[in-house]
2 protein chains.
Amino acid sequence: MVKSKQKIATMKELSEAIGISRPTLSRFFQDQSAVRPSTSRKIRERLAEVDYVYNFIATRQNRKLSGLIGVIIPHYNDLFFTSLLEAIESAARKTGYTVITQSSDGKAKGEAQAVARLRSMSADGAIIAPLGLDSSIEAFQIAREDFPIVFADSRPAEPVDGTDFVGTDNAQSIAAVVDYLCRTGEPPAFLGMPPLNSNAVERERAYAGKMRSLGLEPRIVATGGARESWQFEAFGHGVMNDHFSHQRYTSETILCANDRIAIGAIRAANEHELFLRRGEPHSGLRIAGHDDHPLSQYMYPAVTTAAQDIEGIGQEALRLLIERIRGERMDDSVTVLREAALKIREST
Amino acid sequence: MVKSKQKIATMKELSEAIGISRPTLSRFFQDQSAVRPSTSRKIRERLAEVDYVYNFIATRQNRKLSGLIGVIIPHYNDLFFTSLLEAIESAARKTGYTVITQSSDGKAKGEAQAVARLRSMSADGAIIAPLGLDSSIEAFQIAREDFPIVFADSRPAEPVDGTDFVGTDNAQSIAAVVDYLCRTGEPPAFLGMPPLNSNAVERERAYAGKMRSLGLEPRIVATGGARESWQFEAFGHGVMNDHFSHQRYTSETILCANDRIAIGAIRAANEHELFLRRGEPHSGLRIAGHDDHPLSQYMYPAVTTAAQDIEGIGQEALRLLIERIRGERMDDSVTVLREAALKIREST
DNA sequence: CGCGATTGTTTACACGTGTAAAAAAACTGG
DNA sequence: CCAGTTTTTTTACACGTGTAAACAATCGCG
């Protein structure tokens, strides 16, 4: 059994129990070095003996800054977004900010609600991976008057004044993959992602541009009536299973807009036994992805892909946001694009 | 350009702009039906024309209940936990609670910090997927005096008074898989997960118990010096790659403690070309998992597994927590175990 | 020891909302 | 239109902390 410590609810009680004035304690909790070392030591010694958790809500009531940073992602069920989230959290930990995460649940309404919640919680700023085409620009514009916003990964269809963007340079990353694929085999066709956000548009455009610059004709894989969906694996599997069943694309090179689609496509290819084994002649089918999903290397064959610099994107987004929170920068808008690194694996 | 609405910062301003007293507005925001219908309509009409977000922090300052429920998971980078999180969020949405998620980052210290943060934010209660063996029982016990706690998925090494638990009935789920495997082929050996939490212990025990009850000798796959790690795929891959390289387990049945380990093991098997193709004689190697990870069905071969009732676990955990928050139940401790459903796929 | 500089205390008010009590106003049914 | 009921307004205080100002105590230094 644990010796239960004396429970202290308010700072006032604490100041009495410890023999120090409340305002001094208030200063101590905001910055230990703001009080005399001997006082600081005295406070910490007594603090270790009692159970006091200062009231965050009351704390933030009067400060202009709440120390809270909101992060909004479309889904928790996507390891790309959770990786981004962890990168941001880890960076925030170092700078003393607390992260409040909200999922928009893939819906514009959820996104607007998440923004409103951050506003009502007096967040100092927000890093948002927006839904994209669906996003309510108005909600962002209004929120922008309350706190700075940095978009990460993807950006809204229309620009929002005074917001920054950090993402991957899709032109560079896609070009790198296309380049590699053309150098080592047949030029790729492109299996786009459902038109959910700016990446969907940019990557398809980057593919077409790179192909033309190589003097090749871009070819887009028909996705039939597949409707918008965040279930990328099912999407990739459904589309390619249909094609393979009709003997289409069975010995070509396919570049998927992201790894989750590639995982679905690879599954379809395996069902049709299109990947051959060591020692057998190469069937010609190659499938590449984009993002370096954590499980891509465990697929069989492992997915060739472009690894986004998620760590860098998270750090940079936080850095830009904090600059704005501190009022160190009032620019209209900053865009930071990070390069992705080609990861050559077995699938190509 | 959007017509920018009149911005209203406080409820007092709002009450003046709308011609209604502030206390009445306060009542309106807590329960629309607490004011006369004509008043309610009048408020809503004016509300639509202005930009007012009520201050969550000030709101929660005086209420005994904050409407906040904390969820703590070990990692965001695990689709099992994010599925659980989404289940809880979706259930919370329906009951009007707001979810605050914290990751413990796989460390006892992070877990204690997360609990402290929830306490300082005056959360009404917490649903915690604990680290397990590492967890600081003391932090839970102290927090338990502030708000009710329900553990989900796994439970701390020592019981904590007045907390509930909702999880999967490992004895049932593991027995179902073992049963199926024995019925359809060779009895399985067990590849445990690193001893991180109660599930690690329970599943291994459930395996051994079921095997003995079938009159069979349990066999545990040696994991060598592999140290504790949440990187389950790498763990499963590393352990099995080592065995396969020495021609061990190459034509046996292996039950993995979870799907992420199975995914790693399957990758290792594929590298060694141990799974044969349709038409070829069966090699004998079978690998099963547990949890029904979202990507399990996209592996090749797709993973035979036991699907946890994550939706049910999330709902039930929230229900128990709300009961306690409302003071409807003061029991010492309740344990709810949900059954898992056998998913037979290609890997066995 | 006495000076100015630093650090601490006291006091008082602020933040934006909840809430209780009493008074006023608006409804309801007849 | 009245009495009775319900709803709203008014008034006042509460929550736990931040913060400013004036003052008191302590420190470092010569």
Side-chain angles (χ1 to χ4, degrees), chain A residues 7-44 46-47 50-68 98 116-117 119-124 146, chain B residues 7-44 46-47 50-68 96 98 116-124 146:
Chain A
K7 187 151 184 186
I8 292 193
T10 73
M11 204 181 261
K12 182 150 168 280
E13 285 178 40
L14 182 63
S15 77
E16 288 158 5
I18 200 173
I20 288 212
S21 77
R22 193 182 61 76
T24 302
L25 276 179
S26 175
R27 287 230 309 277
F28 170 86
F29 281 115
Q30 289 172 66
D31 181 5
Q32 300 212 0
S33 67
V35 302
R36 203 179 308 153
S38 63
T39 311
S40 170
R41 190 163 36 77
K42 182 172 159 192
I43 296 176
R44 274 176 314 204
R46 290 291 287 123
L47 217 44
V50 298
D51 176 33
Y52 168 72
V53 175
Y54 82 130
N55 186 318
F56 188 88
I57 289 180
T59 302
R60 308 302 154 149
Q61 172 105 37
N62 295 329
R63 293 194 189 160
K64 347 84 233 25
L65 262 36
S66 67
L68 238 41
T98 301
R117 206 166 292 139
R119 289 219 286 157
S120 78
M121 309 216 340
S122 312
D124 291 341
D146 276 11
Chain B
K7 186 148 183 185
I8 292 192
T10 74
M11 204 181 261
K12 181 148 169 282
E13 284 177 40
L14 182 63
S15 77
E16 287 159 4
I18 200 175
I20 287 211
S21 77
R22 191 181 64 74
T24 302
L25 277 178
S26 174
R27 286 231 307 281
F28 170 85
F29 281 114
Q30 289 172 67
D31 180 6
Q32 300 212 359
S33 67
V35 303
R36 206 180 306 153
S38 63
T39 310
S40 169
R41 192 164 34 78
K42 183 172 159 192
I43 296 176
R44 273 176 313 203
R46 290 291 288 122
L47 217 45
V50 299
D51 176 33
Y52 168 71
V53 175
Y54 81 130
N55 186 317
F56 188 89
I57 289 180
T59 302
R60 308 301 154 150
Q61 172 105 38
N62 294 329
R63 294 194 189 160
K64 349 81 235 31
L65 263 36
S66 65
L68 239 43
T98 300
R117 208 167 290 140
L118 293 183
R119 289 219 287 157
S120 77
M121 308 215 344
S122 312
D124 291 341
D146 276 11

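Just so we're on the same page: letters track the sequence lines, and every chain starts at 1. Reckoned from all heavy atoms, side chains included, excluding hydrogens, waters and symmetry mates.
- Regarding A:R63, its CZ atom lies at a distance of 17 Å from the P atom of D:dG16, rounded to whole Å.
- By the salt bridge (charged side-chain N to carboxylate O under 4.0 Å, His left out) test, A:R36 is found to be paired with no residue, residues two or more places apart in sequence or in another chain being considered.
- Using a 4.0 Å cut-off, no side-chain N or O of B:K64 falls inside it from OP1 or OP2 of C:dG18.
- Residues of residues 7-16 of chain A having a heavy atom closer than 4.0 Å to DNA chain D, listed by number: A:T10, A:M11.
- For the side-chain contact (heavy atoms from CB on, under 4.5 Å) test, residues two or more places apart in sequence or in another chain that qualify with A:S21 are A:P23, A:T24.
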Listing time: all N or O pairs from protein to nucleotides 8-12 of chain C that are below 3.5 Å?
residue	atom	partner	partner atom	Å
C:dG8	OP1	A:R36	N	2.7
C:dG8	OP1	A:T39	OG1	2.6
C:dG8	OP2	A:R27	NH2	3.4
C:dG8	OP2	A:R36	N	3.2
C:dT9	OP2	A:S21	N	3.4
C:dT9	OP2	A:S21	OG	2.9
C:dT9	OP2	A:T24	OG1	2.3

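- Ring planes of B:F29 and B:Y54: parallel class, angle under 30° (limits at 30 and 60°).
- A straight line from NZ of B:K42 to P of C:dA25 spans 15 Å, rounded to a whole angstrom.
- Among residues two or more places apart in sequence or in another chain, the salt bridge (charged side-chain N to carboxylate O under 4.0 Å, His left out) test is passed with A:R41 by A:E45.
- Remark: A:A116 engages no residue in a side-chain contact (heavy atoms from CB on, under 4.5 Å) (not counting sequence neighbours).
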Cut-off 3.5 Å, no hydrogens considered: what does the side-chain donor-acceptor table look like for residues 10-19 of chain A, sequence neighbours left out?
residue	atom	partner	partner atom	Å
A:T10	OG1	A:K12	N	3.3
A:T10	OG1	A:E13	N	3.2
A:S15	OG	A:K12	O	2.7

Using a cutoff of under 3.5 Å, can you pull out all pairs of nitrogen or oxygen atoms linking the protein to nucleotides 28-30 of chain C, with atom names and distances?
none

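- By the side-chain contact (heavy atoms from CB on, under 4.5 Å) test, B:S33 is found to be paired with B:D31, residues two or more places apart in sequence or in another chain being considered.
- Annotation: proximity of residues 54-62 of chain A to DNA chain C (heavy atom, distance under 4.0 Å) is found for A:Q61, A:N62, numbered in ascending order.
- Remark: A:F56 pairs with no residue by the ring-ring contact (aromatic ring centres under 6.0 Å, His included) rule, at least two apart or across chains.
- Phosphate proximity of C:dG16 to B:Y52: absent, as no side-chain N or O sits under 4.0 Å from OP1 or OP2.
- Look at A:D124 and A:R63 and you find no salt bridge, because none of the NZ, NE, NH1 or NH2 atoms lies under 4.0 Å from a carboxylate O.
- Proximity of B:Q30 to the phosphate of C:dT19: a side-chain N or O atom is located under 4.0 Å from OP1 or OP2.
- Scored by the ring-ring contact (aromatic ring centres under 6.0 Å, His included) test, A:F28 finds no partners at all (sequence neighbours excluded).
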